[in-house]
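In what follows, a single structure is set out as structure tokens and then discussed.
First the proteins, then the strands, lettered A, B, ... as listed; each starts at 1.
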Amino acid sequence: MPELPEVETIRQGLEPLIKEKAIALVDVSWPRIINTELDLSDWQNALVGQTIHSLLRRGKYLIFQLSNCYLISHLRMEGKYFFYPASEVPLVKEKHTHVRFIFKDHSELHYHDVRKFGRMELIGLEDLTSYFQLKKLGPEPTTESFKINNFAEKLSRIKKSIKPALLDQYLVTGLGNIYVDEVLFQAKIHPLTSSQQLTSSQIKRLHHAIIDVLSRASEAGGSSIRTYRNAYGKEGTFQQHHQVYGKENQPCPICGTSIEKISVGQRGTHFCPNCQIFEEK
DNA sequence: AATCGTACCTGGCTGC
DNA sequence: TGCAGCCAGGTACGAT
């Protein structure tokens with residue numbers, strides 16, 4: 001479900017709720033969520049007694065920094081975390097809660113995932129950098145990490161069109177189906193433009209739009225469409241600023257042309273056929 | 001080696 | 001109303 005702005009909003013909301021909590025018990029009711037070579041019971045027991053020291057993020061991955069290891073959690077399409085103080089723990093577990101972390105103070109953190117696509121795994125404290133290298137995760141979408149020269153060089157070697165290229169997390173991390181459409185609209189680039197054919201002016205606009213859209217969306221607490229809510233059950237507000245995503249057959253906010261929805265690599269893709277054009281290189 | 005299609009799941013909505 | 005078919009903030013993996 002979430003892209004970088006939603007994951008960052010979850011991180012910020014959740015960290016103060018679970019910081020320095022000691023894990024007393026872990027219960028997994030859908031084993032496929034857990035990536036491990038161990039028996040499930042050994043995996044659960046490995047967490048018992050550890051304390052959560054911080055909650056970090058890299059791309060769309062949440063990283064629980066524990067006493068002896070990291071717990072890496074990816075929410076994929078529908079994953080959510082719900083924190084319950086000791087007095088508010090539900091008597092009956094919700095249908096789609098698949099992992100429960102029970103703390104020594106009797107508060108609980110529940111992982112909820114309707115589609116069961118999310119995954120979590122444990123890695124050693126020394127292995128964080130190599131873990132993300134192995135995943136071929138690109139830079140964070142910030143001016144400090146995301147360099148236009150490196151971006152342009154990688155683009156010149158990619159044969160697919162720009163939308164699927166940006167959905168890969170290799171060029172830059174954090175974009176998903178909503179924000180790719182919003183970014184391409186802001187940069188005035190057609191989603192089917194060949195990555196190799198982008199002009200230097202388009203690359204410059206694209207680079208700027210990626211940083212701009214993702215940072216503004218993070219500030220707004222992410223986008224709430226369908227089911228996303230932050231750690232307190234509140235909605236983000238960035239959906240109010242969507243220009244094209246979910247706006248098919250509505251007028252383009254710039255030129256009034258009807259927004260089109262097409263399929264690109266099996267993903268719904270929204271764009272303005274007048275503003276987002278192919279440029280000659 | 002890169003790129004594409006498909007698998008993983010459930011539920012909500014649309015249209016017959 | 002019932003139900004088939006399509007769609008949904010993502011990634012991994014096997015086949016070309």
**OP:** Answer with yes or no whether the side chains of A/D39 and A/S41 bring together a donor and an acceptor at under 3.5 Å.
**Re:** no
**OP:** Ignoring hydrogens and angles, state whether a donor on the side chain of A/H53 or A/E20 is under 3.5 Å from an acceptor on the partner side chain.
**Re:** yes
**OP:** Pick base, sugar-phosphate or nothing for A/Y61, based on heavy-atom distances below 4.0 Å to the nucleic acid.
**Re:** sugar-phosphate
Subject >> Residues A/R76 and A/E78 bridged, charged N to O under 4.0 Å >> reply: no
Original post:
Say you pick atom C1' in C/dA12 and the same atom in B/dG11; how far apart are they, in whole Å?
Top reply: 23 Å
**OP:** Please state how far atom NZ in A/K80 lies from atom C1' in B/dC9, giving the value in whole angstrom units.
**Re:** 13 Å
Original post:
How about A/H98 and A/Y111: are their ring centroids closer than 6.0 Å?
Top reply: no
Original post:
Reckon A/K261 has a side-chain N or O less than 4.0 Å from the OP1 or OP2 of C/dC6?
Top reply: no
**OP:** Return the value, rounded to whole Å, for the distance between atom NE2 of A/H112 and atom P of B/dG11.
**Re:** 10 Å
Original post:
A/K159 side chain N/O closer than 4.0 Å to the phosphate oxygens (OP1, OP2) of B/dC4?
Top reply: no
Original post:
What integer distance in Å separates A/R115:CZ from B/dC9:C1'?
Top reply: 6 Å
Original post:
Between atom NE2 in A/H242 and atom C1' in C/dA8, what is the gap in whole Å?
Top reply: 14 Å
**OP:** Could you tell me whether the phosphate oxygens of C/dG10, OP1 or OP2, come under 4.0 Å of any side-chain nitrogen or oxygen in A/K60?
**Re:** yes
Original post:
With sugar-phosphate meaning primed atoms plus P, OP1 and OP2, does A/R119 contact a base, only sugar-phosphate, or nothing at under 4.0 Å between heavy atoms?
Top reply: nothing
**OP:** Indicate whether OP1 or OP2 belonging to B/dT10 is found under 4.0 Å from a side-chain N or O atom of A/K95.
**Re:** no
Subject >> First encountered from the 5' end of DNA chain B, between A/Q266 and A/I158 >> reply: A/I158
**OP:** Would you kindly say whether A/Q12 and A/E8 are connected by a side-chain donor-acceptor distance under 3.5 Å?
**Re:** yes
Original post:
Which nucleotide, B/dG11, B/dC9, C/dG10, lies nearest any side-chain atom of A/V114?
Top reply: B/dG11
**OP:** For A/G118, answer base if it contacts any base atom (sugar-phosphate contacts may also be present), sugar-phosphate if it contacts only those atoms, and nothing otherwise; contact means non-hydrogen atoms under 4.0 Å.
**Re:** nothing
Subject >> Proximity of A/Y70 and A/Y131 rings by center, below 6.0 Å >> reply: no
**OP:** Look at the side-chain N and O atoms of A/K116 and state whether any lies under 4.0 Å from the OP1 or OP2 oxygen of B/dT10.
**Re:** yes
Original post:
Are A/T173 and A/Y61 linked by a side-chain donor-acceptor pair shorter than 3.5 Å?
Top reply: no
**OP:** Among the candidates C/dG10, C/dT11, C/dA8, find the nucleotide nearest to the side-chain atoms of A/R267.
**Re:** C/dG10
Original post:
Any side-chain N or O of A/H74 less than 4.0 Å from the OP1 or OP2 oxygen of C/dG10?
Top reply: no
Original post:
Want to settle it: does A/H96 or A/R157 sit nearer the 5' end of DNA chain B, counting the closest nucleotide to each?
Top reply: A/R157
**OP:** Would you say whether A/F117 stacks on B/dC9? The test is a distance between ring centres of less than 5.5 Å and an angle between planes of less than 30°.
**Re:** no
Original post:
Does a salt bridge link A/R58 with A/E140, judged by any charged N lying under 4.0 Å from a carboxylate O?
Top reply: yes
Original post:
Please, what dot-bracket string fits DNA chain C when only Watson-Crick and G-U pairs with both distances under 3.5 Å count, crossing ones use [ ] and pairs to another strand use |?
Top reply: .|||||||.|||||||
Original post:
Do the side chains of A/I211 and A/I148 join up, straight or via other hydrophobic residues, at under 4.5 Å, putting them in one cluster?
Top reply: yes
Original post:
Within the structure, does a side-chain N or O atom of A/R32 lie under 4.0 Å from either OP1 or OP2 of B/dC9?
Top reply: yes
Subject >> Integer-rounded Å distance: B/dT10 P and A/R76 CZ >> reply: 16 Å
Original post:
Rounded to the Å, how far apart are A/D168 CG and B/dG5 C1'?
Top reply: 14 Å
**OP:** Can you tell me the distance, in whole Å, between the CD1 atom of A/I34 and the P atom of B/dC8?
**Re:** 19 Å
Original post:
Can you tell me how far P in C/dC7 sits from the matching atom in B/dG5, rounded to whole Å?
Top reply: 15 Å
Original post:
Quantified in whole Å, what is the P atom distance between nucleotide B/dT6 and nucleotide C/dC6?
Top reply: 14 Å
Original post:
Whole-Å distance between B/dC9 P and A/Y111 OH?
Top reply: 13 Å
